[in-house]
Amino acid sequence: MSTEDFRVLAVIPPMTQLNTPYPSTAYLTGFLRSRGIPAVQEDLALALVLDLLSSQGLDQIRERAEAIAAPDRSEPVTHFLAAFDRYRTTIGPTIRFLQGRDATLAHRIVGRDWLPEGARFRSLDVYVDDEGGDPLAWAFGALGLQDRARHLATLYLNDLADVLRDAIDGRFEFVRYAEQLAASQPDFDPLAAALSATPNLVDERLAALALAAIERHRPQLLLLSVPFPGSMYAALRIAQAVKAQHPQITIALGGGFVNTELRELSEPRVFDFVDVVTLDAGERPLLALIDHLQGKRSQQRLVRSFVRDAESGAVRYMNSFAEPDVPFDQTGTPTWDGLPLDRYLSLLDMLNPMNRLWSDGRWNKLTVAHGCYWKKCSFCDVSLDYIARFEQASSATLVDRIEAIVQETGQTGFHFVDEAAPPKALRALAAELQRRKVEISWWGNVRFEKTFDRELCQELAASGCIAISGGLEVASDRLLKLMKKGVSVEQVARVTQAFSEAGILVHAYLMYGFPTQNEQDTVDALEYVRQLFEEGCISSGFFHRFACTVHSPVGKQPEDYGITLLPLPPGRFAKNDVGFVDPTGADHDAMGRALKKAIYNYMHGIGLDADVRSWFDIRMPKPTVARHRIAKALQQVA
């Protein structure tokens, strides 16, 4: 079979974002086409949600919900059944509104008497003023009609997701679907049991959608891209359905989850569903696999690929004939051809203007550079390819790709999905965009390093930069040094101020529970964060709990960080997070609740004058950070 006759279908399994396609299939499809290989793509995550959230889908959900005895129905299910006629009437128009195809419906939605309102709408109660006024007036004012309606419509969809979870599949979520079956799961048994169980409505609809895609495209090779553990169960359900009906199709599994958690895979049962599992950047392994399937190379010459031996049944890793990766500047231009760009849902979950970017709007995803130029942070998987192999493309190549994508999609919004976009590359990119007079809006992730001075931030803003995210992590100079972050709190303050003064929104990734972090470190960190919000340096942030991974410096040299690792449970499947004992003994669970509550309020401009200790339910020490430390640091360089 010639390369031109060898068809490849790349699939995004549920669940990923609903506002824009996950970019892996766009990257691979564009690359394969650049090599003359017919490749197409499907987003079954979006397709599944649109199938379930339709009038016919709601009919099927009601049928299952009514089979539950009344005393056993949850509050969301009871409300759904009671208001079913209104849900069925409103679901189609609401979906069209969120797809941007019926803007005038906003007037009915904001009236608050058209959509049925379930438990998720209680979140609005926190915004009601003392006089019982409009709960969203503070966020949207007298206008803001479209945004207000999209927020209400998003709550409506969240209510329906709760119904799906309670009536159909207890693992259902719009993002982290059944992730507990896969995330850091050493044993394949939970996934095997779930996959052998009688299919529920979600499984049935996913299988039908997958088989319909196979009939449309008739591929010889099916690629399942699994970026998160919350996509693994659905990916294997897709594979299960395809294998049952089309056993001649080769199925390959790859993606971010595979690259981090399945690096030591030895579980043969995985290969009851798929034929090949590839690691790291997919271009070279796919070229080798296609050559093998066309009889041009032996199985032994596959690249970074797990297979099951036909004779022994054991899992074997094929990489004996190591071949160089395809250089980043030769991977081709991503293509979104074949994806229904007009059917994605613009959701508005968080009202913070920076946070909304993750779920609001259709962004073209693009990478400025492969890997991380810093690759020193001790909490990061710096030993893995997606971090360790740093490669850049020229600014001319990047703008060529940008222009091609804009021409294809008709949309000028870009999310640069780098681990940390290099400042020199961003400066060159900004200059090239302006030289060619290419007008786009873009945002991405950076390190808050001193290179981002006022001049560079203004240049980036002029090129279309609207928002930046970056890691402040523990907001403690002692701990930032321990984690080899390469920045200080005061430096972060100056850099984020420079971005903010250029009109660029700033999001800070924050961390708690890092080795040796104690109560004093935590309360001091929150005081720094409060001051950064108070001074307008950052507009949003998120605290996440530190997790030690086996691929990070902390996981590899725990003694350097004052901790002892707990033994990993035996298993032949996933391996990533590893437990540890920190002799500091701080109650990070209790502190985490307070940190998340505080930052949620700070993002809405609430509580910035309060003593940071007031957020905690446990006794905390007084901050050692002077109350105006950040303001004084900023004045010194003003």
Side-chain angles (χ1 to χ4, degrees), residues 11-19 21 42-68 73-102 105 109 114-120 150 152-178 197-216 230-231 233-234 237-238 241 339-340 342-347 359:
V11 165
I12 305 170
M15 299 296 283
T16 54
Q17 291 174 265
L18 297 178
N19 64 306
E42 291 267 355
D43 188 343
L44 292 187
L46 176 69
L48 178 64
V49 169
L50 295 181
D51 183 90
L52 293 169
L53 300 184
S54 64
S55 55
Q56 294 82 4
L58 294 191
D59 286 340
Q60 295 174 310
I61 295 170
R62 179 177 66 167
E63 181 181 343
R64 271 68 168 186
E66 287 178 335
I68 302 171
R73 294 172 186 164
S74 68
E75 179 187 352
V77 172
T78 300
H79 175 265
F80 169 74
L81 292 175
F84 178 77
D85 288 343
R86 291 178 64 199
Y87 275 110
R88 197 181 192 283
T89 299
T90 54
I91 187 62
T94 302
I95 292 294
R96 289 195 298 274
F97 168 74
L98 290 171
Q99 292 170 332
R101 296 190 291 157
D102 191 0
L105 189 66
I109 293 174
W114 186 68
L115 290 178
E117 298 187 358
R120 292 294 188 125
R150 278 193 293 128
L152 295 170
T154 301
L155 296 176
Y156 165 87
L157 292 195
N158 288 338
D159 274 335
L160 289 172
D162 292 342
V163 175
L164 277 161
R165 181 197 64 220
D166 293 349
I168 310 297
D169 187 341
R171 304 159 303 199
F172 186 86
E173 291 187 54
F174 279 147
V175 178
R176 297 179 176 85
Y177 178 34
T198 302
N200 59 43
L201 175 62
V202 177
D203 300 325
E204 292 170 358
R205 297 311 306 151
L206 179 58
L209 293 165
L211 292 174
I214 295 296
E215 289 300 321
R216 278 194 297 276
S231 302
Y233 169 75
R237 274 293 190 189
I238 293 169
L339 296 177
D342 61 340
R343 301 191 73 202
Y344 286 86
L345 306 175
S346 259
L347 305 177
S359 61

Is any side-chain heavy atom of [X] less than 4.5 Å from a side-chain heavy atom of [Y]?
{"X": "Ser54", "Y": "Ile95", "result": "no"}
{"X": "Ile12", "Y": "Asp43", "result": "yes"}
{"X": "Asp59", "Y": "Arg88", "result": "yes"}
{"X": "Arg237", "Y": "Pro199", "result": "yes"}
{"X": "Asp203", "Y": "Tyr233", "result": "yes"}
{"X": "Ile61", "Y": "Phe80", "result": "yes"}
{"X": "Met15", "Y": "Val49", "result": "yes"}
{"X": "Tyr344", "Y": "Leu50", "result": "no"}

- Using a strict 4.0 Å threshold on nitrogen-to-oxygen distance, state whether Asp162 and Arg165 make a salt bridge. yes
Rounded distance (nearest 0.5 Å) linking atom [atom1] of [X] with atom [atom2] of [Y]:
{"X": "Leu44", "Y": "Ile238", "atom1": "CG", "atom2": "CD1", "answer": "4.5 Å"}
{"X": "Leu157", "Y": "Leu152", "atom1": "CG", "atom2": "CG", "answer": "11.5 Å"}
{"X": "Tyr87", "Y": "Leu160", "atom1": "OH", "atom2": "CG", "answer": "5.5 Å"}
{"X": "Asp85", "Y": "Thr90", "atom1": "CG", "atom2": "OG1", "answer": "10.5 Å"}
{"X": "Asn158", "Y": "Phe174", "atom1": "CG", "atom2": "CZ", "answer": "6.5 Å"}

Give the minimum heavy-atom separation between [X] and [Y], together with the two atoms involved.
{"X": "Ala153", "Y": "Leu115", "result": "CA-CD1, 4.1 Å"}
{"X": "Leu105", "Y": "Thr94", "result": "CD2-N, 4.0 Å"}
{"X": "Asn19", "Y": "Ser359", "result": "CB-O, 3.1 Å"}
{"X": "Thr16", "Y": "Pro13", "result": "CG2-O, 4.0 Å"}

- List in chain and number order the residues that pass salt bridge (charged side-chain N to carboxylate O under 4.0 Å, His left out) with Glu204, two or more places apart in sequence or in another chain; answer none if no residue qualifies. Arg64
